[in-house]
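Have a look at the structure below before the remarks.
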2 protein chains.
Amino acid sequence: MDYTLLLNNFSKHITLTKKEQEFTLSLFDYKKLHSKDTLLEQGDICKQSAFVLNGCLRGFTIDSNGFEHVLSFAPKDWWIGDMYSLISKKPGNLNIETMMDSEVALLSKKNQDILYDRVPKFERFFRIIIEKSLVAFQQRLNDNLSLTAQDRYLKFCKTYPQLINEIPQKQIAAYIGVTPEFLSKLRAKQAKAK
Amino acid sequence: MDYTLLLNNFSKHITLTKKEQEFTLSLFDYKKLHSKDTLLEQGDICKQSAFVLNGCLRGFTIDSNGFEHVLSFAPKDWWIGDMYSLISKKPGNLNIETMMDSEVALLSKKNQDILYDRVPKFERFFRIIIEKSLVAFQQRLNDNLSLTAQDRYLKFCKTYPQLINEIPQKQIAAYIGVTPEFLSKLRAKQAKAK
DNA sequence: TCAATTTCTTAATCTAGGTTAAGTGTTTTT
DNA sequence: AAAAACACTTAACCTAGATTAAGAAATTGA
């Protein structure tokens, strides 16, 4: 298991000594997953955050009509978890699943608290990670309030160019908030317009 | 100016000595605002966060057709700022305005950084504040992806009971993501159904 | 390798919510 | 206290996107 990506992720916001690096990595669990494996199911209490070393996961909910809504994609170098459940310690309604064979580094809430205690720099690290995540969600909510489906799709293509050919279209539809049929129609219109 | 509310807000997540309290408060600026005063305009670089002591503010964007979209209401005891602009130091597209006469305690980004340095507990404090804000935005995005306008309105009424009779209906419409005309129609239908 | 499953497309029809417009309160300003 | 500005309602008509359904293409897997 290669944790280089994780160490580089830390070093974007904080500087760790060799000792701190070793201690920190010792708190993570490495896990190899197959495509469509489940990491968290709605109704569960989320007890860990995942850092994606390789592959891609998705966080999604299932509404009362059985439709899925993708709240986040987590490709390589991203963090994913159910923040609501993680901090409230109550059952959440997020599902987390791999979209292809993936490798993750798992940090349990318990170990995260130890980490905050022993290497307080991580208070800052996760504050910054969460700030960026907050900005992304605010931006996305604003997009959903102000843009057409067409524009949201174009924006998605710009934001996640690497994902477009890697994941099923219906997942992109569930992310931008339209049915797969409508996204298909949009793409056909777009192709013709050229 | 009475900062009791602010001190109580801190004490929800961290414990400060008398000295730390004094120092911390010295970093804030008190400001009294009239209804519809502007605290931040789109295109500006946001240089401060506001804690609402009294009254209510709103953060909103204006789209390319001139329509307003409310990203957040900040009643008494809430924080508001343009996180994107604040951390990137680039011009943001958020407007922040009072909805009634209000009092705020302002913390400049510069003073916030001093605070992180001199009272590191605040790394934790703001991490927790931001975590909660993130959870709220994720939840709201999910609501926009999965609920009808009717259900979003009902949920709004449950979440912000104190605001319903305090702020104009068109602001609620701009928050849940419908036109004022459609919200009016929803309310009429609801009233009849009883 | 070929059957089964999943994904994607196309097309007809439907509907939640938008648009336009006109009229009626209700605040705010002078 | 009148005028102006703003907020809310109602109603007719419109459209972006949903639904249903059926077939084609691609993937998965025994």
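What you see is a predicted model, and the numbers here were worked out from it, not measured in a lab.
- In this structure, P75(A) and Q162(A) have side chains that are in contact, with non-hydrogen atoms separated by less than 4.5 Å.
- Legend: residues meeting side-chain hydrogen bond (donor to acceptor under 3.5 Å, both in side chains) with D44(A), ordered by chain and number and at least two apart, are absent.
- Computed from coordinates, the L145(A) CG to dG18(C) P distance equals 11 Å when rounded to whole Å.
- Proximity of a side-chain donor or acceptor of S88(B) to a complementary backbone N or O of K90(B) within less than 3.5 Å is detected.
- For F156(B) and Y153(B), the gap between ring centers reaches or exceeds 6.0 Å.
- Judged by distance alone, the side chain of N95(A) and the main-chain N or O of F60(A) form a donor-acceptor pair under 3.5 Å.
- Residues passing the side-chain hydrogen bond (donor to acceptor under 3.5 Å, both in side chains) test with D2(A) are T4(A), sequence neighbours excluded.
- What separates CD of E181(A) from P of dT10(C) is a distance of 13 Å, to the nearest Å.
- Side-chain atoms of N9(A) do not come within 3.5 Å of backbone N or O of L5(A) as any donor-acceptor pair.
- One interatomic measurement links the two molecules: NZ of K189(B) to P of dA16(C), which rounds to 7 Å at whole-angstrom precision.
- Following rounding to the nearest Å, Y153(B) (OH) and dC8(D) (C1') show an atom-to-atom distance of 12 Å.
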Can I get a per-line list of side-chain donor-acceptor pairs under 3.5 Å for residues 19-34 of chain A, giving both atom names and the distance, sequence neighbours left out?
residue, atom, partner, partner atom, Å
E20(A), OE1, T17(A), N, 2.9
E20(A), OE1, T17(A), OG1, 3.4
E20(A), OE1, K121(A), NZ, 2.8
E20(A), OE2, K121(A), NZ, 3.4
T24(A), OG1, E20(A), O, 2.6
S26(A), OG, F23(A), O, 2.5
Y30(A), OH, E103(A), OE2, 2.2

Check: residues 165-180 of chain B side-chain donor-acceptor pairs under 3.5 Å, at least two apart:
residue, atom, partner, partner atom, Å
Q169(B), OE1, R187(B), NE, 3.4
Q171(B), OE1, R58(B), NE, 2.9
Q171(B), OE1, R58(B), NH2, 3.2
T179(B), OG1, F182(B), N, 3.2

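- Ring-plane geometry between F73(B) and Y160(B) is classed as perpendicular, the angle between the planes exceeding 60 degrees on a 0 to 90 degree scale with a lower cut at 30.
- Taking atom CG of residue D151(B) and atom C1' of nucleotide dA16(C), one finds them 13 Å apart after rounding to whole Å.
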Between the protein and nucleotides 24-30 of chain D, which nitrogen or oxygen pairs come in under 3.5 angstrom?
none

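- For D113(A), the side chain to side chain contact (heavy atoms under 4.5 Å, CB included) test picks out K109(A), Y116(A), with sequence neighbours left out.
- Of the residues in residues 60-74 of chain B, not one places a heavy atom less than 4.0 Å from an atom of DNA chain C.
- For the contact set between residues 163-179 of chain A and DNA chain C, defined by any heavy atom under 4.0 Å, the members are P168(A), Q169(A), K170(A).
- E131(B) and R127(B) are joined by a salt bridge, as a carboxylate oxygen and a charged side-chain nitrogen come within less than 4.0 angstrom of each other.
- When distances run from any side-chain atom of R187(B) to the nucleotides dT10(D), dT9(D), dT20(D), the shortest one goes to dT9(D).
- Remark: the backbone N or O of N65(A) is paired with a side-chain donor or acceptor of D63(A) at under 3.5 angstrom.
- The side chain of R152(B) approaches dG17(C) more closely than any other nucleotide in the set dT10(C), dT20(C), dG17(C).
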Check nucleotides 27-30 of chain C for protein N or O atoms closer than 3.5 Å to its own N or O atoms and list the pairs.
none

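- A donor-acceptor pair under 3.5 Å is absent between the side-chain atoms of S133(B) and the main chain of I130(B), judged by distance alone.
- Although no hydrogens or angles enter the test, the distance criterion places no donor-acceptor pair under 3.5 Å between the side chain of D37(B) and the main chain of T98(B).
- A side-chain donor from one of D143(A) and Q139(A) sits under 3.5 Å from a side-chain acceptor of the other.
- Remark on the helix from dT1(C)-dA30(D) to dT30(C)-dA1(D): inter-end axis angle 60°, axes from five-pair C1' superpositions, rounded to 10°.
- Taking the six-membered ring where the residue is Trp, the centroids of F126(B) and W79(B) are separated by under 6.0 Å.
- Listed candidates were dT10(D), dT9(C), dC6(D). Nearest to the side chain of K36(B) is dC6(D).
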Between the protein and nucleotides 13-16 of chain D, which nitrogen or oxygen pairs come in under 3.5 angstrom?
none

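- Rounding to whole angstrom units, CD of residue Q190(A) and P of dT9(C) are separated by 12 Å.
- With sequence neighbours excluded, no residue satisfies side-chain hydrogen bond (donor to acceptor under 3.5 Å, both in side chains) with Y84(A).
- Between the side chains of S102(B) and N54(B), no donor N or O sits under 3.5 Å from an acceptor N or O.
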